[in-house]
Amino acid sequence: MSKKTIGFAITGSFCTHEKIKGVVRKLVEEGNRVIPIFSNMSQTINSRFGDARDFIIAIQEITGEHGIFTLQEAEPIGPKAYLDVMIIAPCTGNTMAKLCAGITDSPVLMAAKAHMRNEKPVVIAVSTNDALGANLKNIGELMNTKNVYFVPFGQDDYEKKPKSMVAHFERVPDTIEEALRGKQIQPVIQSPFVK
């Protein structure tokens with residue numbers, strides 16, 4: 001993949017944030033400019049997985065970018081068209097549902113809407129406990145949406161959380177590369193995670 005400007009939108013699936021740091025680091029090490037975009041939840045909620053401020057600082061240090069924190073900062077992504085690709089990782093069920101409904105009430109959703117108007121790829125890295133429940137219809141709708149691509153994903157704990165699915169985050173760089181060619185990486189649904 002030649003060097004690209006990647007909008008990396010982060011939502012509130014806090015259990016994946018440690019993996020996200022590694023993905024962002026890999027994209028930066030490959031020579032890409034990575035601009036972080038933080039959802040309202042990822043900016044403000046401290047959880048058992050860590051402090052929001054510490055996470056933001058870590059991402060800023062990895063990318064060397066301040067990042068996007070407001071609707072006003074996200075909106076110019078459309079008219080300025082400076083992103084080659086945008087990824088939402090992790091992408092919660094809430095974010096997918098709002099994306100399907102055209103709701104732009106967070107920096108991530110505004111950035112996605114602004115970027116999609118330029119007909120450039122948006123990559124989704126699913127992380128939701130309800131992928132095989134109420135959010136299955138949203139996954140289906142997004143899979144059928146032009147310029148939207150999915151990081152391969154699978155059930156992460158089919159015994160205790162049978163409706164839960166999460167992206168194979170190590171496949172993010174490959175998925176982005178294929179999306180930039182207009183192709184969905186295959187297979188999209190991969191084997192369950194090995195315990």
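No experiment lies behind these values; they were computed from the predicted model shown.
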Are [X] and [Y] close enough that some pair of their side-chain heavy atoms sits under 4.5 Å apart?
| X | Y | result |
| --- | --- | --- |
| Gln43 | Phe69 | yes |
| Val122 | Tyr149 | no |
| Thr63 | Ile35 | no |
| Gln184 | Glu178 | no |
| Leu132 | Gln155 | yes |
| Val123 | Met86 | no |
| Met143 | Val188 | yes |
| Phe169 | Pro90 | yes |

Under a 4.0 Å N-O cut-off, is there an ion pair linking [X] with [Y]?
| X | Y | value |
| --- | --- | --- |
| Asp174 | Arg171 | yes |
| Lys26 | Glu29 | no |
| Glu177 | Arg181 | yes |

Run Asn40 and Ser106 through side-chain hydrogen bond (donor to acceptor under 3.5 Å, both in side chains) and show every step you take.
CA-CA 6 Å; Asn40 298 329; Ser106 82; 5.2 Å; no
Check the angle between the aromatic planes of Phe38 and Phe55 and answer parallel, tilted or perpendicular using the 30° and 60° thresholds.
perpendicular
With Thr95 via side chain to side chain donor-acceptor pair (under 3.5 Å) - residues at least two apart:
Thr92
Out of the candidates Ile124, Thr175, Ile189, only one should pair with Phe150 under the side chain to side chain contact (heavy atoms under 4.5 Å, CB included) rule; please name it.
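Only one of Ile124, Thr175, Ile189 forms a side chain to side chain contact (heavy atoms under 4.5 Å, CB included) with Phe150, namely Ile124.
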Only one of Ile88, Ile87, Asn94 clears side chain to side chain contact (heavy atoms under 4.5 Å, CB included) with Cys91; which?
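Passing option: Ile88.
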Is the count of non-hydrogen atoms from other residues, nucleotides or ligands lying under 6.0 Å from Asn144 atom CG greater than 12?
no
Around atom CE of Met116, are there more than 12 heavy atoms from other residues, nucleotides or ligands closer than 6.0 Å?
yes
Hey, is the main chain of Thr70 close enough, under 3.5 Å, to the side chain of Glu73 for a donor-acceptor pair?
yes
Counting N and O atoms only, with roles assigned by atom type, does the side chain of Ser164 sit under 3.5 Å from a partner on the main chain of Lys161, one being a donor and the other an acceptor?
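The answer is no, because no donor-acceptor pair under 3.5 Å joins these two groups.
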Value rounded to 0.5 Å, distance of CD1 in Ile77 from NZ in Lys120:
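The NZ atom of Lys120 is 10.5 Å from CD1 of Ile77, to the nearest 0.5 Å.
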